[in-house]
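Working notes, structure below.
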Number of protein chains: 2
Amino acid sequence: MTQLRLGLAQVNATVGDLPGNAALVRERAAAAAAAGADLVAFPEMVLTGYPVEDLSLRSSFVEASRACVQQLARDLAADGLGEVPVVVGYLDRVTDAETQLDVEAAARAGAGRDERGVVGVPKGMPQNCAAVLHRGQVVARYAKHHLPNYGVFDEFRFFVPGRDLLVARIGGVDVAVVVCEDLWQDGGPVERAREAGAELLLVLNGSPWERDKDDTRLALAQRRAREAGCPLAWLNLVGGQDDLVFDGDSLVVAADGELLARGAQFAEDLLLVDLQLGSPTSGVADPQRLPAGVQHVVVSDALPERDRPELPAAERARLDEVGEVWAALQLGLGDYVRKNGFRKVALGLSGGIDSALVAAIAVDALGPEAVTGISLPSSYSSQHSRSDADDLAARTGLDYRTIPIAPMVDAFTAGLSDAMRLSPVAEENLQARVRGTTLMALSNSEGHLVLATSNKSELSVGYSTLYGDSVGGYAPLKDVPKMLVWELSRWRNAQAAARGEVPPIPENSISKVPSAELRPGQTDQDSLPPYEVLDDVLEHYVVGAEGRSELLEAGFETEVVDEVVGLVDRAEWKRRQFAPGVKISSVAFGRDRRLPITTHWREQQSR
Amino acid sequence: MTQLRLGLAQVNATVGDLPGNAALVRERAAAAAAAGADLVAFPEMVLTGYPVEDLSLRSSFVEASRACVQQLARDLAADGLGEVPVVVGYLDRVTDAETQLDVEAAARAGAGRDERGVVGVPKGMPQNCAAVLHRGQVVARYAKHHLPNYGVFDEFRFFVPGRDLLVARIGGVDVAVVVCEDLWQDGGPVERAREAGAELLLVLNGSPWERDKDDTRLALAQRRAREAGCPLAWLNLVGGQDDLVFDGDSLVVAADGELLARGAQFAEDLLLVDLQLGSPTSGVADPQRLPAGVQHVVVSDALPERDRPELPAAERARLDEVGEVWAALQLGLGDYVRKNGFRKVALGLSGGIDSALVAAIAVDALGPEAVTGISLPSSYSSQHSRSDADDLAARTGLDYRTIPIAPMVDAFTAGLSDAMRLSPVAEENLQARVRGTTLMALSNSEGHLVLATSNKSELSVGYSTLYGDSVGGYAPLKDVPKMLVWELSRWRNAQAAARGEVPPIPENSISKVPSAELRPGQTDQDSLPPYEVLDDVLEHYVVGAEGRSELLEAGFETEVVDEVVGLVDRAEWKRRQFAPGVKISSVAFGRDRRLPITTHWREQQSR
C-alpha cells in the first residue's frame with residue numbers, strides 16, 4: 001500500500017485572466033507541497049476561468065492558454081515544485097490527426113459546419129482539457145468527453161469532445177483523470193476507469209451552485225466510486241463568475257462510498273487527504289494490454305519514503321439552506337464587483353424590503369464604506385419610506401445621500417406637455433426613469449457599479465420599469481422570489497441578533513405592505529396576487545416550464561393560473577420588446593459574440 | 001415519365017402563432033392546388049415558426065404543435081385539398097421505443113443529462129420534423145438528422161436528432177424529404193437518398209440571410225443534386241423574426257445542376273415548377289429491399305391524367321448587393337414591429353446620418369404616418385442639426401415633433417449638485433438619457449415602439465450611452481457599420497432619383513462631419529479613428545475574431561490595431577457591466593428561459 005497525500009485546491013479563478021490564474025496555481029501548489037502533498041489538483045479550466053464561452057473560438061486565446069500551461073509547468077519547476085505532479089484544467093485544441101478523424105465522426109452525429117470547412121466542429125477545434133505537469137513539462141493530457149449543452153451550459157457549442165481516457169501513474173498509483181460532466185454520464189469514462197484498473201478517480205469540476213440541489217453530488221460520487229472500485233476525489237471551483245456562483249464543496253469518498261473529506265462552501269480551501277492506495281494486486285497490471293481508448297502515462301513509479309502521521313479527516317462546517325442562499329448572493333455580488341474592477345456600488349433606497357436586502361448583501365460583501373445608498377423621494381413617497389431608508393443607513397453605516405426627484409419629474413412633465421399627453425403609466429415610469437438616470441449620473445461621476453433591486457417575482461410578471469428601477473449592471477435578486485426576500489431578511493437579522501450585532505434590516509421594511517409608491521396609496525397587491533400564491537405558481541410555470549393543464553392538475557385555482565400565466569406571458573413579451581437595442585436587431589451580418597461578461601482577457605496582453 | 005407540378009410556398013411564418021401559421025398553409029395550399037400543383041411544400045417548422053428556442057422544452061407547446069399538424073391535415077381535406085399531398089415543417093417529439101434507444105446512444109456521444117432522468121437529451125425529446133399530409137391524415141414523418149449548433153443556431157440544445165430517411169412515393173415519384181442542415185453535411189442523408197433511389201430531393205429550410213454569403217446555397221444545391229442523381233428543390237422561409245431575417249430565395253435545380261427556377265428575395269412567393277420525373281428505370285425498385293435506415297411510404301401511386309402545357313421557368317429579378325441589405329433592413333424592421341403587435345415607431349432625429357437612415361428605412365417599411373421623429377435639441381445642438389432634421393421630416397412626410405431638452409437637463413444639473421459633482425462624461429450622458437426618457441414617455445403614452453439609431457461601428461467601440469441613445473426595442477443598424485450607413489443612404493437616394501421621387505435623406509446629413517454634439521465643437525473623430533479604417537479593423541477583429549498578430553499580418557498599423565482593439569475590449573467590458581439588470585445576475589436558482597422575442601404563443605391559447 002502507498003499512502004498518497006492528495007491536495008485539492010479549491011480556488012477562485014477569473015475568466016480570461018491567464019496570468020492571474022497561473023499565479024494562483026503556483027501559490028496554492030506551493031502551499032500544498034509545503035503541507036506534504038504528493039499530488040496537487042486544481043479545478044476544471046482553472047487557467048482560463050470558467051465558462052469561457054465564445055473565447056474558445058478566438059484562436060489567439062486558445063494559443064495563449066496553451067502557452068500558459070507550458071509556462072506554468074516551467075514556473076512550477078523553477079519554484080522548486082517540479083517533483084510534485086500538478087493537475088490543472090485549461091483550454092487546448094485538437095492537434096493530432098487521429099483525434100481529427102474522430103472529430104469528423106462526431107460531427108456526422110449531429111453538429112454544424114464551420115467557416116473553415118471542417119464539418120460540424122467549432123472553429124479551431126478547442127477542447128476542455130486537463131494537464132498533468134511534472135518536472136517542468138506537460139507530461140499527460142486529457143480532453144473532456146461529455147460536453148453538457150443544457151441549462152447554463154453550452155459546451156457542445158464551444159468544444160470538441162475528447163476520446164481517450166487518461167490513466168497517469170503517480171507515485172506508483174494509477175490515477176484516472178476526468179472532467180465534470182464525464183462523471184454524470186452512465187457508461188462514461190468511469191466504466192473504462194474500472195476496466196483500466198484505476199486506483200483513484202480524480203474529477204475536475206466547474207459545477208455551479210443551484211438551490212435545492214439536495215446532495216446529488218455526494219450521492220453521485222458515492223455511486224461512481226463503487227462503480228470504479230476505487231476512491232474518488234471531486235474538486236470544484238469556487239467564486240462568482242458573471243451569472244454563475246461556484247460553491248466549492250469539494251469532496252473525497254472511499255471505494256465503498258464513505259465520505260472521507262469535504263471542503264468549504266463558498267470559500268477557497270485547500271483540502272488535504274491521506275489515501276491508502278496501490279495494493280500489490282491493484283492498478284494497471286500491464287500497460288501494454290490496456291483496453292482500447294485508454295492512455296497510460298507513467299509520471300512517477302514511487303513516492304518518497306516518509307514517516308508521518310495520517311491526517312485527520314477534514315470536513316468543514318455545513319451551511320443551512322437559507323445560509324447557502326445568502327452565501328451565494330454575497331459571493332456572487334462581491335466577485336462580480338471585484339472581477340469587473342469596481343471598488344464600490346450604488347443603489348436607490350426606497351425604504352422597502354428589496355433595496356434594504358440588496359444593501360445588506362452589498363455591505364456584507366464589500367463593507368459599508370463601499371456602498372452608496374441614495375434615497376430618491378418623489379412627491380408620492382411616504383414618510384415611512386424616508387425614515388426606513390434612514391434607519392437602514394444608520395444600521396449598516398453605508399454612505400447615505402438624499403436627492404429629491406420632484407424637480408426633475410416636474411421639468412419633464414412641463415417640457416413634454418406641448419408634444420404629447422402623458423398617460424398615467426408614462427407618469428409612473430417617468431419617476432422610475434429619473435431615479436435610474438440619477439444613479440447613472442453618480443456612476444459616471446464617481447465610478448460606482450449600480451445595483452438593480454428588482455426581485456424574481458416582480459421581474460417575472462413585469463412589475464418593473466425598463467430604464468428605471470431595472471437600471472444597473474448587476475441585479476442580485478433577479479433569481480430571488482419575494483417570499484425568499486423576506487425569509488433572507490429575517491434570517492440575516494436573526495444571525496446578527498444571535499451574534500449580539502445590530503440587525504441590518506429595519507423591522508418596518510420587513511413587516512410593511514409592499515408598494516412601488518408611484519401613485520398615491522398604491523400597493524403591489526392592487527396589481528398582483530398575494531406573493532405566497534404568486535411565487536408558488538411562478539415556481540411551476542417559469543422554473544418548471546409546466547403548462548396550464550399541469551398547473552390546474554397541481555391544484556391551483558383556474559383564476560389564479562390564468563392571471564399569473566397572462567402576466568408572465570405579457571411581461572415576457574413586454575420585456576423583450578423593450579430590451580436594449582444592442583441585444584436585439586434585425587440583420588446578422590456577422591455572428592454575435594457570446595463572450596463572458598467579466599473577461600479579463602484582452603488582446604493587448606498577447607504582446 | 002411523370003410530369004410533376006411542384007408548388008413551393010415561400011411564406012412568412014410567425015414564431016408561436018400556430019393558428020395563424022396553419023391558416024397561412026391552408027390558404028397557400030389552396031392557391032397552389034388551384035394552379036395545378038401535384039405536391040405543395042412549406043418551409044422548415046412553418047407551423048411553429050422558426051426558431052422556437054426554449055419553447056421546444058415546454059411540453060404544452062410541443063403537444064399543441066402535434067395537435068395542430070393533425071388538425072391541419074383534416075382541415076386541408078375539408079378544404080377539398082385532401083388529394084394533394086402537402087409537406088410541412090413542425091415541432092414533434094420522439095415517440096417510439098426504437099428511436100428512444102437511438103437517442104440514448106446519441107446522448108452517450110456527447111450531450112448532457114435531463115432533470116427527468118433521460119441522459120443527455122432535451123426535456124420531452126422534441127424534434128424538428130417534416131410531415132406529409134394526405135387525405136386528412138399525417139401519412140409520413142421525418143425528423144431532422146443534423147442539428148446545427150453554431151452561429152445563430154442552437155438546435156443541438158433544443159432538439160433530438162432523427163435517424164431514418166423518409167422516401168415518400170407521391171404520384172408514383174419517390175421523393176426524399178430532408179431538413180436544412182441535413183443538406184450541408186457530407187455523408188448526410190443525401191448519400192442515402194441516392195442509395196434509396198429517390199427521384200426528387202425536397203429540402204425544407206429556415207435559412208437566415210447573411211451579407212456576402214455569395215451564392216453558396218445554389219452551389220451546394222447543385223452539388224447535392226449531382227450526388228443524389230435527381231432534381232433538388234430548396235425551399236426557404238421568408239420574413240423577419242426577432243434578430244434574424246429569412247430571405248426566401250428558394251430554388252430548384254435539375255439532376256445535372258441546371259437552375260430551373262428561383263423564388264423572390266425578401267418577399268413571399270409561390271414557386272411552381274414542372275418536373276419530368278419517374279422514368280420506368282428510376283425510383284425505388286423494391287421497397288422491401290431498401291437500404292437500412294430508409295422509411296418508404298406510398299402516398300399515391302399515380303398522378304391524375306392531365307393535358308396541360310409545361311410552365312415556363314420562373315426566375316424572379318435579383319437584387320444588387322446594397323439592395324439586398326436594404327431589403328433585409330426594411331423587412332426585418334417591418335416584421336419586428338408587426339409581429340410584436342405595434343403599429344407605429346418613434347425615434348430621435350439628430351439631423352445626423354444614422355437617425356436619418358433609420359427614419360428612411362422605417363418609412364419604407366411602415367409608411368410615413370406610422371413613424372414619429374422627435375427633434376430633441378440641447379444647448380449644444382447646432383443650427384444645421386435642427387434644419388437637417390426639419391428637412392428629413394419634410395422629405396419623408398413623417399410625424400415630426402420638437403422637444404427641447406435643456407429644461408430637463410438643467411433640472412438634473414441643479415437637483416444633483418448637492419449630492420455629487422457631475423463629471424464631464426456624466427454631463428454628456430445626462431443629455432442622452434434625458435432623450436431616452438423622453439422617447440419612452442412617448443412610447444408609454446401613445447404606444448410607439450422606440451427605435452435605437454446606433455450603428456455597428458459606434459456600438460463596437462462603446463461610442464454610445466446606455467439608457468440614452470441605446471434606448472429602444474429594436475436597433476436596425478446594430479449590424480450596419482458606419483461606412484455602409486453612408487452607402488445605404490446614397491443608394492436609397494439614387495433609387496429615388498432614378499424613379500423621379502424626392503430622395504428621402506438630406507444631402508447635408510450624408511456629407512457633414514459626424515458628431516454626437518454632446519459638447520461644443522465635438523466630432524466623432526476626436527475619439528475614434530477615421531471610419532474607413534475603423535470599419536476595416538472591426539471587420540477583422542469583431543466579425544472575423546482574428547487576434548492582434550493576425551491583424552498586424554493583415555497589414556494594419558500597430559497603433560491603429562492597438563487603439564481599436566483597446567476600444568472594443570473596453571467597450572465589450574463596459575457594455576456588459578452596465579447591461580440591464582434583468583439579464584445578468586448571480587444566482588441560478590432555476591434555468592433561464594431563452595424564449596424567442598416575438599413569440600405569439602400564450603399558454604392561454606391552449607384552452
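Lettering follows sequence order; numbering is per chain, from 1. Basis for what follows: all heavy atoms, side chains included, without hydrogens, waters or symmetry-related copies.
Panel note: side chain B/R157, backbone A/F156; no donor-acceptor pair is recorded below 3.5 Å. Side-chain atoms of B/Y467 come within 3.5 Å of backbone atoms of A/G472 as a donor-acceptor pair (strictly under, hydrogens ignored). The backbone N or O of A/E446 lies less than 3.5 Å from no partner atom in the side chain of B/S423, so there is not a single donor-acceptor pair. Judged by distance alone, the side chain of B/R433 and the main-chain N or O of A/T437 form no donor-acceptor pair under 3.5 Å. Using a distance-only test at 3.5 Å, with no hydrogens or angles considered, a donor-acceptor pair links the side chain of B/R58 to the main chain of A/E546.
No other option in A/M420, A/E539, A/R401 has as many heavy-atom pairs under 4.5 Å with chain B as A/M420. When the candidates A/T453, A/L57, A/V434 are compared by the number of heavy-atom contacts under 4.5 Å with chain B, A/V434 comes out ahead. Comparing B/L551, B/I405, B/N429 by how many heavy-atom pairs each has under 4.5 Å with chain A, the most go to B/N429. By number of non-hydrogen pairs under 4.5 angstrom with chain B, the leading residue of A/L331, A/V425, A/I374, A/L416 is A/L416. Interface summary for chain A: among B/D410, B/L442, B/L451, the most heavy-atom pairs under 4.5 angstrom belong to B/L442.
The CG atom of B/D154 sits 6.0 Å away from the CG atom of A/D154 when rounded to the nearest 0.5 Å. Atom-to-atom distance recorded for A/N149:CG and B/E155:CD is 12.0 Å, nearest 0.5 angstrom. Rounding to the nearest 0.5 angstrom, the gap separating the CZ atom in B/F412 from the CZ atom in A/F412 is 5.0 Å.
Closest heavy-atom contact between A/S60 and B/G547: OG-CA, 3.7 Å. Heavy atoms only, all atoms of each residue included: A/A441 and B/L422 are closest at CB-CD2, 3.8 Å. Nearest heavy atom pair, residue A/A411 against residue B/P407, reads CB-O, 3.9 Å.
Counting heavy atoms from C-beta on, the side chains of B/E427 and A/N444 never come closer than 4.5 Å.
The contact between B/T438 and chain A is made by backbone and side chain atoms together, counting heavy-atom distances below 4.5 Å.
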